[in-house]
Amino acid sequence: MKIVVGQGSCGIAAGAQKVMQALSKEDLNGAKLTIAGCIGMCYLEPIVDIYNDDEDVKRLVHVSENDAGKIAQYAKTLDESFIEDLLVSDEDKSFLEKQTRIALRRCGIINPEEIDDFVAADGYTALEKVLKEMTPEDVIETIKVSGLAGRGGAGFPTWFKWNAARQSDGEEKYLICNADEGDPGAFMDRAVIESDPHNLIEGMLIGAYAIGAKTAVVYVRAEYPLAIKRLERAIKQATDAGYLGENILGTDFSCQMKIKAGAGAFVCGEETALIESLEGHRGMPRLKPPFPAQSGYWKKPSNINNVETFANVSWIINNGGEAFAAMGTEGSKGTKVFAVTGKVKRSGLVEIPMGKTLRDVIFDIGGGMKGDKAFKAVQMGGPSGGCIPAELIDTVIDYKALGATGAIMGSGGMVVMDESTCMVGMAKFFLDFTAKESCGKCIHCRIGTTRMLEILTRITSGNGKDGDIELLEELCYGIKDGALCGLGQTAPNPVLTTIKYFRDEYVSHIKDKTCPAGECSDLIEYSIDAEKCRGCTLCARNCPVSAIRGTVKNPHTIDVQKCIKCGKCIQSCKFGAVIKK
């Protein structure tokens with residue numbers, strides 16, 4: 001028997017380490033106690049899997065340290081009644097059963113801190129095949145046949161970038177992994193590194209062999225300490241085992257790998273800004289051309305792909321490019337990982353073949369809206385993406401179809417919104433992010449995003465003016481046309497798509513000085529219906545600023561001058577007497 005405690009960042013945040021400590025103190029009847037990374041069912045953490053054998057796996061969810069005794073009793077008796085209340089439901093099982101996992105195929109299954117677990121799960125077999133049976137040109141051709149496109153957002157053909165670097169002159173070349181995952185609500189790359197770091201290493205080694213690089217660098221944001229720790233351990237293990245370093249697996253191919261922890265600048269997700277940061281400079285994008293394939297890191301030929309792109313490579317080598325290309329659509333091959341967050345019932349990591357619809361992800365896999373509220377929109381592609389409204393819920397997930405809505409695939413962030421979300425406020429949230437993250441190199445982005453944020457702030461504060469919508473649109477197109485890099489060129493997308501699909505909300509804020517979703521605090525007011533109020537005093541006792549007055553069994557009132565609109569009164573009232581308008 002093996003007892004596996006999920007120890008990705010989501011599990012640890014939910015209390016998985018306490019569960020592990022509690023289990024380590026129990027008599028588990030000889031069962032092996034170990035860890036795994038994130039299985040992707042983040043909404044059910046902490047998760048404990050009990051393997052009686054490969055076919056019989058008991059998945060326990062929302063486990064606390066107080067449940068350790070139950071698990072120990074099951075280990076001794078195999079009596080399922082001890083753990084019956086912890087078993088995952090059939091409904092929740094479908095979250096994984098409806099996915100097709102390639103990049104995430106080992107995540108939450110193997111111990112990310114032990115190379116033997118990775119090797120036992122076919123790890124490094126693709127690297128051995130490449131080094132002993134394939135030329136670099138064979139590798140690039142296989143990737144070309146697969147149709148693998150960069151999963152960092154741009155969707156550029158991977159083989160083309162590899163081939164460009166391969167064809168560039170120079171003995172010294174570099175392969176770089178962009179793990180600077182900065183989109184709000186995105187955690188795909190973090191989960192891969194935390195849960196299956198050797199998969200990233202293997203994919204990068206295959207890429208390095210293909211382009212002729214002897215040095216590989218992982219640029220990862222410093223806010224991912226667990227990912228960095230596990231990747232450092234994996235690099236040492238791979239080096240000690242002969243998968244990294246000199247004369248790998250007894251061949252002429254040698255490659256070193258190192259980690260660079262970035263300071264967390266969103267703009268460093270752009271490849272040339274990333275290179276600037278790697279070289280010790282401030283992260284600011286370079287003019288292109290020349291492209292990194294010709295002049296990149298230290299002005300040497302360089303190739304940059306993101307974590308998820310590399311995570312697909314070994315599977316493609318072992319299964320053939322045709323197998324990967326058989327999934328997806330004509331223009332978008334294979335699978336894509338999404339971080340599904342927001343007002344959805346089942347949040348977590350979802351990997352599906354391209355060609356599925358937004359409905360498939362949000363309702364079929366994600367279970368629909370929390371509290372069964374109405375679905376309103378989904379933000380795709382983070383601050384660089386756009387909001388797709390409910391009427392487009394059946395949009396196919398591929399680069400072309402998503403682009404037609406005004407959104408983008410991006411790296412895979414998917415923030416789901418229900419009827420209570422203010423779309424003007426959502427646009428303001430993302431503009432606040434991009435304005436702060438602008439490197440400031442070009443005026444269009446530095447000044448333009450700031451001006452847009454000022455207008456959105458004015459609108460959500462009840463001070464919007466006629467012409468603000470048109471001015472926002474003018475600024476959006478000016479920034480898109482004039483910005484130097486992808487950050488500025490895509491920053492207007494949330495504003496443009498919310499104006500396109502939710503223009504009436506902008507009009508309500510500007511003309512009627514109301515927020516239809518009741519979310520903008522400056523545009524709402526709380527009051528108490530005297531006929532419904534029973535004078536129970538619960539609202540007054542829960543008000544943090546003592547803005548509610550009244551005596552027991554008599555109607556209460558709210559002092560609107562003192563009210564901070566926190567909503568505590570609505571939450572505490574049992575009679576529906578508090579009104580928000």
*Should we say atom CG of Asp252 is surrounded by more than 12 heavy atoms from elsewhere, each under 6.0 Å from it?*
no
*Would you check, one step at a time, whether the test salt bridge (Lys or Arg N to Asp or Glu O under 4.0 Å) holds for Lys336 with Glu308?*
CA-CA 9 Å; Lys336 180 73 188 80; Glu308 187 186 339; 2.7 Å; yes
*Tell me, do Val61 and Met41 make a side-chain contact under 4.5 Å, heavy atoms counted?*
no
*Would you say Thr135's side chain and Asp138's backbone share a donor-acceptor pair under 3.5 angstrom?*
yes
*asked:* Exactly one of Glu113, Glu232, His198 should register a side chain to side chain donor-acceptor pair (under 3.5 Å) with Gln237. Which one does?
replied: His198
_Side-chain donor or acceptor of Gln7 paired with backbone N/O of Ile35 under 3.5 Å_ = no
*Any idea which heavy atoms bring Ile388 and Met380 closest together, and the distance?*
CD1-CG, 3.6 Å
*So, Ser168 side chain and Ala293 main chain: donor-acceptor pair closer than 3.5 Å or not?*
yes
*Hey, can you tell me if Tyr243 and Tyr124 have their rings parallel, tilted or perpendicular (30° and 60° cut-offs)?*
parallel
*Look at the side chain of Glu181 and the backbone N and O of Met188, then say whether any donor-acceptor pair between them is shorter than 3.5 Å.*
yes
*Could you check Thr490 against Asn493 for side-chain hydrogen bond (donor to acceptor under 3.5 Å, both in side chains), going step by step and ending with a plain yes or no?*
CA-CA 6 Å; Thr490 59; Asn493 285 347; 5.0 Å; no
*Does the distance from a Lys or Arg side-chain N to an Asp or Glu carboxylate O, for Glu330 and Lys400, drop under 4.0 Å?*
no
*Could you tell me whether the side chain of Ile397 reaches within less than 4.5 Å of the side chain of Phe338, counting heavy atoms only?*
yes
*Evaluate the side chain to side chain contact (heavy atoms under 4.5 Å, CB included) criterion for residues Leu274 and Val267: first the C-alpha distance (whole Å), next the side-chain angles of each, then the deciding distance (0.1 Å), finally the verdict.*
CA-CA 8 Å; Leu274 184 155; Val267 73; over 6 Å; no
*Taking every non-hydrogen atom, the tightest pair across Val378 and Met414*: CG2-CG, 3.3 Å
*Is any side-chain N of the basic residue among Glu133 and Lys129 closer than 4.0 Å to the acidic one's carboxylate O?*
no
*Give a yes or no on whether the backbone of Gly355 and the side-chain of Asp398 come within a donor-acceptor separation of less than 3.5 Å.*
no
*Report yes if some heavy atom in the side chain of Val220 is under 4.5 Å from a heavy atom in the side chain of Asp180; otherwise report no.*
no
*Just wondering, are more than 12 heavy atoms of other shown residues or ligands nearer than 6.0 Å to CG in Asp53?*
yes
*Is Lys58 salt-bridged to Asp49, going by a charged N under 4.0 Å from an acidic O?*
no
*Would you call Lys214-Glu246 a salt bridge at under 4.0 Å N-O?*
no
*Heavy-atom distance under 4.5 Å between the side chains of Thr142 and Ile316, does that happen here?*
yes
*asked:* Distance alone, cut at 3.5 Å: any donor-acceptor contact between the side chains of Arg151 and Thr335?
replied: no
*Donor-acceptor contact present, side-chain Glu172 to main-chain Lys300, <3.5 Å*: no
_Sub-4.5 Å side-chain heavy-atom contact between Ser295 and Pro301_ = no
*Check the surroundings of atom OH in Tyr399: do more than 12 heavy atoms from other residues, nucleotides or ligands lie under 6.0 Å from it?*
yes
*Do Tyr51 and Met1 come close enough that some side-chain heavy atom pair is under 4.5 Å?*
no
*Taking all heavy atoms of Val217 and all of Met204, pick out the closest pair and write down the distance.*
O-CE, 3.6 Å
*Walk me through it: do Tyr43 and Asp92 pass the test side-chain hydrogen bond (donor to acceptor under 3.5 Å, both in side chains)?*
CA-CA 10 Å; Tyr43 68 106; Asp92 285 321; 2.8 Å; yes
*More than 12 heavy atoms from other groups under 6.0 Å of NZ on Lys356*: no
*At their closest point, which heavy atom of Asp183 faces which heavy atom of Ser411, and how far apart are they?*
OD2-OG, 3.4 Å
*Please answer whether the main-chain N or O of Cys439 pairs with a side-chain N or O of Arg282 as donor and acceptor at a distance below 3.5 Å.*
yes
*Do you know which two heavy atoms are closest between Ala103 and Val337, and how far apart they sit?*
CB-CG2, 4.1 Å
*Please check if the side chain of Ser302 supplies one atom and the backbone of Tyr297 the other of a donor-acceptor pair under 3.5 Å.*
yes
*Check step by step if side chain to side chain contact (heavy atoms under 4.5 Å, CB included) holds for Ile235 and Leu244.*
CA-CA 8 Å; Ile235 289 172; Leu244 260 175; 3.9 Å; yes
*asked:* For Lys93 and Glu97: C-alpha separation, side-chain torsions, deciding distance, then whether salt bridge (Lys or Arg N to Asp or Glu O under 4.0 Å) applies.
replied: CA-CA 6 Å; Lys93 284 180 183 178; Glu97 292 170 350; 5.9 Å; no
*Please determine which of Glu270, Glu271, Glu276 meets the salt bridge (Lys or Arg N to Asp or Glu O under 4.0 Å) test together with Arg286.*
Glu276
*Identify whether the distance between the nearest side-chain nitrogen and carboxylate oxygen of Arg359 and Asp364 falls below 4.0 Å.*
no
*Full working for side-chain hydrogen bond (donor to acceptor under 3.5 Å, both in side chains) between Asn199 and Trp315*: CA-CA 9 Å; Asn199 188 29; Trp315 188 95; over 6 Å; no
*asked:* Given 3.5 Å as the limit, does a donor-acceptor pair link the side chain of Glu351 with the main chain of Leu104, or not?
replied: yes
*Search all heavy atoms of Ile211 against all heavy atoms of Tyr174 and return the closest pair with its distance.*
CD1-O, 3.6 Å
_Tell me if a side-chain donor or acceptor on Thr125 pairs with a main-chain N or O of Asp122 at a distance below 3.5 Å._
yes
